[in-house]
Amino acid sequence: MPTPAQAAVFRQPGAPPVIEPVVLDDPREGELVVRLVGVGVCHTDMVLRDGHLPTPFPVVLGHEGAGVVERVGAGVTTLAPGDHVVLSFDSCGHCPSCDDHAPAYCHDWFAYNFGGSRTDGTTALSASDGTAIHSHVFGQSSFATHALVHARNAVKVDADLPLELLGPLGCGIQTGAGAVLNELRPRPGASVAVIGTGAVGLSAIMACGIAGAGVVAAVDINPARIALAQELGATHGFDARSGSLADHARAAGLAQGFDCVIDTTGRPDVVNAAMPALAPRGQMALVGAYGPGDIAADATFLMSGGRVIRGVVEGGADPQAFIPELLAHYRAGRFPFDRLVRFFAFEDIADAIAQGEAGHVVKPILRIG
């Protein structure tokens, strides 16, 4: 029997969402219905809202959900009603990347996460008048009281954990932490610069502590964010306007530059300006939502020093393994991501979005129900 729900529906690009009644399909084979408890607001939701990715409208966005399984479809054996889950991105499960436990680089990533429907073109949502509303954003569309998801992108978590807090682990938090722990893997004592201290950048900084990095530089234009980064483990904080990243490396005592640089800004001009600060054998991770513009590298500079520029999606994570790993660090006090969040009521979604976009809140989370 279809599930009645409430959802924040975005009906045209750039418009604010309106909470309205919707109906969820019955779960098909491999699918489940989750009652949402908390949902993070991510910058990528705003990119989708503004029509910068080819997701059709009207649509329910949201992709950092956490909740309780209510119903399961045929063939679901790993989850059952009552289980607590964190929702992450979706993937096909059978391409070369998925077979290699790298679903963040699924060969059909766009279809599964930005298509606004199941891969067969059907949507799981309809309005009260029966008209279709696009669903399955990041396999979940979780700005709602309920979401229909695939078992692949639902990660079971312990019931004693604060479920309303956990949704951002499914995207922004794992993106920053995974860029460090899964992709760059700095050696103990290495130097790392993190450009941008939003949820992704601050998660990367906390992960640098787990990895044992020696110098961790937070670079931003927001003094309060830089101060928070230093409380969370950054050894240095720099105002991005006060000099180049190479200048900041020298100020940190690194004559040859940083071993690792993580760009979270999504700005090609920032990336281009940061490249000269890479030490020999240095690595730069691109984790932002990049807009128009070219990334221009000096081929001799890269080649002669063995430097690497790599794209990183979702921290290169397999959520089924990585989210439990992050929760173990959280329990041990090594990964206090709860310090990044502020909670908002679901009906205050427009304010949550505005507070996040203005930089007043690092990670807004909507409380559902």
Side-chain angles (χ1 to χ4, degrees), residues 43 175-223 225-230 232-313 315-316:
H43 174 67
T175 294
V180 175
L181 299 174
N182 298 328
E183 297 285 20
L184 296 178
R185 301 186 182 189
R187 68 185 185 280
S191 57
V192 184
V194 179
I195 307 174
T197 53
V200 173
L202 291 169
S203 298
I205 285 166
M206 289 186 285
C208 285
I210 295 169
V215 172
V216 181
V219 182
D220 206 306
I221 60 173
N222 184 326
R225 292 281 183 90
I226 293 172
L228 177 58
Q230 291 180 285
L232 293 173
T235 60
H236 297 73
F238 296 109
D239 188 318
R241 298 164 297 191
S242 68
S244 70
L245 190 61
D247 293 332
H248 301 325
R250 287 187 287 271
L254 305 170
Q256 297 297 315
F258 291 99
D259 297 311
C260 300
V261 175
I262 300 170
D263 175 69
T264 74
T265 69
R267 291 180 49 179
D269 61 323
V270 172
V271 173
N272 291 337
M275 272 190 229
L278 278 175
R281 299 180 65 205
Q283 302 179 76
M284 178 182 284
L286 310 183
V287 304
Y290 291 88
D294 293 330
I295 292 175
D298 182 325
T300 301
F301 176 74
L302 292 181
M303 182 274 295
S304 63
R307 299 173 178 91
V308 175
I309 313 296
R310 68 171 71 234
V312 176
V313 176

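Being a predicted model, the structure only gives us computed values, none of them experimental.
H248 places no side-chain N or O within donor-acceptor distance of the main-chain N or O of A217, the cut-off being under 3.5 Å. Side-chain N or O atoms of T175 include none that pairs as donor or acceptor with a backbone N or O of V200 at under 3.5 Å.
Minimum heavy-atom separation, L245 to A274: CD2-CB, 3.7 Å. Shown here for A240 and I221, the closest heavy-atom pair between the two residues is CB-CG2, 4.0 Å. For the pair G214 and T235, the tightest heavy-atom approach, listed with the atom from each and the gap, is O-CG2, 3.6 Å. Residues V216 and G233 approach most closely at CB-O, 4.2 Å, considering heavy atoms.
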So I295 and N272, side-chain contact (heavy atoms from CB on, under 4.5 Å) or not? Walk me through it. CA-CA 6 Å; I295 292 175; N272 291 337; 3.7 Å; yes
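Within the model, atoms CD1 of I309 and CD of Q283 stand 9.5 Å from one another, a figure rounded to the nearest 0.5 Å.
Applying the side-chain hydrogen bond (donor to acceptor under 3.5 Å, both in side chains) definition to pairs two or more places apart or across chains, none involves residues 200-211. The stretch residues 256-288 participates, sequence neighbours left out, in no ring-ring contact (aromatic ring centres under 6.0 Å, His included) pair at all. Judged as a ring-ring contact (aromatic ring centres under 6.0 Å, His included), not a single pair has a partner in residues 264-285 (not counting sequence neighbours). The stretch residues 232-241 participates, sequence neighbours left out, in these salt bridge (Lys or Arg N to Asp or Glu O under 4.0 Å) pairs: D239-R241. Note on residues 295-309: no pairs pass salt bridge (Lys or Arg N to Asp or Glu O under 4.0 Å), not counting sequence neighbours. Listed by first and then second residue, the salt bridge (Lys or Arg N to Asp or Glu O under 4.0 Å) pairs involving residues 268-297 are R267-D269 (not counting sequence neighbours). Within the structure, no pair that satisfies the salt bridge (Lys or Arg N to Asp or Glu O under 4.0 Å) test touches residues 205-223, not counting sequence neighbours.
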Could you give the side-chain donor-acceptor pairs of residues 182-190 under 3.5 Å, partners two or more places apart or in another chain?
residue	atom	partner	partner atom	Å
N182	ND2	G315	O	3.0
E183	OE2	Y105	OH	2.4
R185	NE	N182	O	3.0

Let me check something: any side-chain donor-acceptor pairs from residues 284-293 under 3.5 Å, sequence neighbours excluded? List them with distances.
residue	atom	partner	partner atom	Å
Y290	OH	D263	O	3.4
Y290	OH	D263	OD2	2.5

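Contact check for I262 versus I195: no side-chain heavy atoms found under the 4.5 Å cut-off.
The side-chain contact (heavy atoms from CB on, under 4.5 Å) search around A218 returns T197, I205, A229, A234, not counting sequence neighbours. A252 pairs by the side-chain contact (heavy atoms from CB on, under 4.5 Å) definition with V215, H236, F238, L254, not counting sequence neighbours. In this structure D247 satisfies the salt bridge (charged side-chain N to carboxylate O under 4.0 Å, His left out) test together with R250, sequence neighbours excluded.
Around atom CD of Q256, no more than 12 heavy atoms belonging to other residues, nucleotides or ligands sit under 6.0 Å away.
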